[in-house]
Amino acid sequence: MGEKKTTPLIVVTGFGPFGSVTKNPTQALVEKLSLEDHSVFTSVIPVSAQDVDEWLSHTAWDDAVFLHLGVCETSDCYKIESCAYNEATFRIPDARGYQPVHERISNDAPLGACVQTTLCVERLIERLQDFPVQPSTDPGRYVCNYLYYKSLSSAALQGKGAVSVFVHVPLVFSLEDHFCFLRCLIRHLPQCMTVINC
């Protein structure tokens with residue numbers, strides 16, 4: 001008999017308000033998910049580098065899928081981010097007033113160094129074709145990228161089987177539309193956890 005496959009722990013994060021986004025849809029999504037699906041661990045992170053660091057420092061990385069959600073004000077579709085960059089250039093101050101310009105997120109890599117997700121983005125997008133979704137290689141250089149870079153790096157260094165992916169959510173759809181997308185996304189994550197034969 002083959003080994004029994006276990007369902008990985010899925011951790012979903014969203015962000016609070018920032019700048020002109022006074023009601024962040026990712027916060028509402030994560031809060032709704034926490035009420036309706038108790039098999040998923042959820043967290044809303046304030047939009048600041050310090051709060052990201054504090055959240056990461058209290059996170060266990062083994063055998064988990066980390067799904068980070070952020071909002072993209074200029075997009076009309078969902079964007080699956082395939083990578084993050086070792087650069088913090090905040091176009092506006094974060095929630096704690098921090099506004100770096102061309103600073104390294106980690107001193108362990110050159111400025112602008114790219115880290116790729118180990119999740120198969122192409123396969124995931126194939127399974128989400130009922131929704132307006134596309135791949136992206138530009139998560140910005142604000143707190144979304146800051147979280148994603150640190151999450152990818154932590155998963156690679158500390159996690160045993162950990163996977164991290166970031167999805168940018170547009171502002172143009174309703175909460176119910178977003179939630180339908182999120183549930184479908186979560187359902188397909190375990191089948192897309194490797195880039196081997198992707």
Side-chain angles (χ1 to χ4, degrees), residues 7-48 51-52 55-56 59 64-84 90-92 94-95 117 119-152 155 163-193:
T7 302
L9 171 67
I10 296 179
V11 180
V12 183
T13 71
F15 280 117
F18 69 98
S20 62
V21 182
T22 57
K23 292 184 179 180
N24 194 321
T26 68
Q27 177 175 355
L29 268 175
V30 168
E31 290 173 346
K32 181 176 175 63
L33 184 65
S34 69
L35 294 174
E36 300 191 15
D37 189 344
H38 299 293
S39 68
V40 177
F41 181 84
T42 61
S43 184
V44 175
I45 306 172
V47 182
S48 84
D51 286 287
V52 166
W55 183 83
L56 291 169
T59 299
V65 180
F66 292 86
L67 171 58
H68 304 297
L69 304 175
V71 67
C72 182
E73 299 169 81
T74 59
S75 179
D76 59 359
C77 68
Y78 299 98
K79 293 184 177 181
I80 314 294
E81 303 293 348
S82 62
C83 58
F90 291 2
R91 56 185 177 81
I92 59 173
D94 70 13
T117 180
L119 184 123
C120 185
V121 172
E122 293 84 358
R123 186 181 302 147
L124 182 59
I125 288 177
E126 286 176 0
R127 286 159 169 75
L128 295 170
Q129 284 304 302
D130 289 338
F131 302 91
V133 59
Q134 65 182 32
S136 172
T137 58
D138 185 9
R141 300 298 183 272
Y142 193 50
V143 182
C144 290
N145 177 72
Y146 186 94
L147 168 61
Y148 196 21
Y149 186 86
K150 288 212 161 187
S151 180
L152 287 170
V163 174
S164 177
V165 66
F166 197 103
V167 177
H168 267 120
V169 172
L171 287 173
V172 293
F173 305 124
S174 69
L175 178 60
E176 289 304 320
D177 288 337
H178 286 320
F179 196 67
C180 183
F181 170 81
L182 178 59
R183 294 304 299 266
C184 187
L185 174 61
I186 290 172
R187 185 168 67 252
H188 290 299
L189 281 176
Q191 291 80 47
C192 303
M193 286 179 61

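Computed from a predicted model, the values in this text were never measured in an experiment. Numbers for residues simply follow the sequence, beginning at 1.
Considering only heavy atoms from C-beta on, P139 stays 4.5 Å or farther from F166 through its side chain. At least one side-chain heavy atom of S164 sits less than 4.5 Å from a side-chain heavy atom of L152. For the pair V169 and F181, the minimum side-chain heavy-atom distance is 4.5 Å or more. Within the 4.5 Å cutoff, no side-chain heavy atoms of V11 are placed close to those of S43. Looking only at side-chain heavy atoms (C-beta outward), M193 and R123 stay at 4.5 Å or farther from each other. Looking at heavy atoms from C-beta onward, T42 lies in side-chain contact with V40 at the 4.5 angstrom threshold. At least one side-chain heavy atom of P135 sits less than 4.5 Å from a side-chain heavy atom of I125.
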Requested in this report: Would you sort out whether T13 and V30 count as a side chain to side chain contact (heavy atoms under 4.5 Å, CB included), showing the intermediate values?
Outcome: CA-CA 7 Å; T13 71; V30 168; 5.8 Å; no
Report task. Evaluate side chain to side chain donor-acceptor pair (under 3.5 Å) for D37 paired with S39, printing each intermediate quantity in order. Result -> CA-CA 5 Å; D37 189 344; S39 68; 2.5 Å; yes
Requested in this report: May I have the step-by-step check of side chain to side chain contact (heavy atoms under 4.5 Å, CB included) for L67 and L182, ending in yes or no?
Outcome: CA-CA 10 Å; L67 171 58; L182 178 59; 3.8 Å; yes
**Report entry** side chain to side chain contact (heavy atoms under 4.5 Å, CB included) between F66 and I10, worked out
**Finding:** CA-CA 6 Å; F66 292 86; I10 296 179; over 6 Å; no
Requested in this report: Dump the intermediate steps for side chain to side chain contact (heavy atoms under 4.5 Å, CB included) on L33 and R183, then the final yes or no.
Outcome: CA-CA 9 Å; L33 184 65; R183 294 304 299 266; 4.0 Å; yes
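Rounded to the nearest 0.5 Å, atoms CD1 (I80) and NE2 (H168) are 11.0 Å apart. With rounding to the nearest 0.5 Å, the separation of CG in D94 from OH in Y146 is 9.0 Å. Note that CD1 of I45 is 9.5 Å distant from OG1 of T26, once rounded to the nearest 0.5 Å. Residue S48 holds its OG atom at 8.5 Å from CZ of F90, rounded to the nearest 0.5 Å. Here the straight-line distance linking atom NZ of K150 with atom CG of N145 works out to 12.0 Å at 0.5 Å rounding. Annotation: the span from L124 atom CG to S82 atom OG amounts to 12.0 Å, rounded to 0.5 Å.
In this structure a side-chain-to-backbone donor-acceptor pair under 3.5 Å is missing from Y78 to L128. Checking side-chain atoms of N24 against main-chain N and O of G16 turns up a donor-acceptor pair under 3.5 Å.
Between H178 and F173, the angle of the ring planes goes over 60°, which puts this pair in the perpendicular group of the 30/60° scheme. Ring geometry, F18 versus Y142: the interplanar angle falls from 30° to 60°, so the pair is classed tilted.
For C144 against G70, the heavy-atom pair with the smallest separation is SG-CA, 4.1 Å.
Taking the six-membered ring for Trp, F15 and H68 have ring centres at least 6.0 Å apart.
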